[in-house]
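Each ligand, and each atom within it, is numbered from 1 in the order the structure gives.
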Amino acid sequence: MDRFQLYIDGQFRDGAATFQSLDPATGTPWAEMPEAREAEVNAAVTAAHRAFRSGPWPKLTATARGKLLMKLADLVQAAAPRLAALETRDTGKIIRETSAQIAYVADYFRYYAGLADKIEGAHLPIDKPDMEVWTRREPVGVVAAIVPWNSQLFLSAVKIGPALAAGCTVVLKASEDGPAPMLEFARLVHEAGFPAGVFNVITGFGPTCGAVLTRHPLVDHIAFTGGPETARAVVRGSAENLASTSLELGGKSPFIVFDDADLDSAANAQVSGIFAATGQSCVAGSRLLVQSSVKDAFLAKLKAKAEAIRIAAPDEMTTEVGPLCTLRQRDRIERLVAESLTAGARLVTGGQTPEGAGFYYPPTILDCSSVPDAASVTQELFGPVLSVVAFETEDEALEIANATQYGLASGVFTASLTRAHRMIRGLRAGVVWVNTYRAVSPIAPFGGSGLSGHGREGGLAAALDYTTVKTVWLRTSDAPIPDPFVMR
Ligand code: TXE
């Protein structure tokens, strides 16, 4: 079996114990992973704290930090085939997607490399004579980045890039499900030449590793992606150290199709919106809201496309849907689909777990028009399951779309420009895609509200989130300070 190590303070080392990682395509163990517990978490955070306060990192110019990030981007690009293969092996994400996503990972590092020396403070036109006042944007400190199994390299890059660009140091906690690509990524950080302790990778379990990290007294900011229940635990942990948090928690995103839309184009976008990444995507367009007059025609197109999808081993280039990452995840999906069918949802396609090894689940469509509060409509399944609800009018579409505590992504398909604008205004979501879906870029902020969390990843705003403002007052008069009892 393959063996991996933690990366702490510039060194590769074993954890307190090991655990086995399963290959989701076969359900059998393939690698020994190092398990970090309290001692390893403490070592990583202490190293990150020391690297933040002393040594070469705080003395580097922002431009020098940017150059290191640029080197890292090049190394990621060169290692793309290896990283993609590891992510596919350890999480079941299909090789077509992991290969394409690594290119994005390198792009994100390049974007933040370029941004490092553009994080500026401001000079203030202060309302007092003999005073110069300005702000400095300083790094917030030690960042605990906690990621889930899906798209770990990508979800890590959107945290590590801006954090390092801003001058922070990082302890990344890889998911216990499929940590291999992150433990391998540590080798590239090492090779790029970041000073020891600036970036550390650990992995382990929620209560014994993640929870210890979130409440550690030397952690200043927690950047978390995962489920809402875990996010609550993260926020409770941060009540100890009062670290700031950014939370990216998934959604139940509406994908809205009006009767004037190009239905073929919308059907392709919907297939990508729900079946890409085998549905394990925070932006999955998992609620299809379709105008009644085109519902049957649209569902017929979707059914044909879903049934033509090639479900096979994730390491084959022609595979379109692979296994889910964990058996736990598949059990949950099976349960929620069964509950929805019992409640009265109609099975359009899928819904049958295949025989054989591996954590496979087929692309599934449920027509929930008669049961719009079924479990599959209201809860995030995090799998290849699309729930359909029909609507008559634009107002009704908006009402259904917004009837959720989530607020991450949304999609609108229409030929009407004016309607598109009305929908953009009315949708409660951090991202609105119009006549497209699932487009991302390092330049565009991304995030949600409500149960989808808070804070933004991507764009300049994300880098600013890893800084704190220092206000500087400098008196320019040589005259003695007058009355000491009067505030000026
Ligand atoms: O993820 P968790 P789970 C949703 C999705 C899924 C559900 C649960 O609906 O079915 O969440 O997934 C670490 N303190 N999403 O339970 O637990 C954990 O080790 C600190 C949406 O598998 O949220 C892992 O590294 N950390 C989503 C990370 O949190 C803790 C992505 C995320 O795991 C911890 C994943 C604790 N007490 C799930 N407990 C998205 N937005 O893309 C666990 N962790």
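Residues Leu22 and Thr28 have side chains not in contact (no heavy-atom distance under 4.5 Å, counting atoms from C-beta outward).
In this model, no donor atom of one side chain and acceptor atom of the other lie less than 3.5 Å apart for Asn241 and His216. Looking at Thr88 and Asp315, their side chains never bring a donor and an acceptor atom within 3.5 Å of each other.
Checking Asp90, Thr91, Asp2 one by one against Ser21, the side-chain hydrogen bond (donor to acceptor under 3.5 Å, both in side chains) holds for a single residue, Asp90.
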Original post:
Does the side-chain hydrogen bond (donor to acceptor under 3.5 Å, both in side chains) test come out yes or no for Trp149 and Gln329, once each step is laid out?
Top reply: CA-CA 11 Å; Trp149 77 85; Gln329 192 65 14; over 6 Å; no
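In this structure, ligand 1 sits under 4.0 Å from heavy atoms belonging to Ile146, Val147, Pro148, Trp149, Asn150, Lys173, Ser175, Glu176, Gly206, Gly210, Ala211, Thr214, Phe224, Thr225, Gly226, Gly227, Thr230, Ala233, Val234, Glu248, Leu249, Gly250, Cys282, Arg328, Gln329, Arg332, Glu380, Phe382.
Using a 4.0 Å cut-off between charged side-chain N and carboxylate O, Glu339 and Arg335 make a salt bridge.
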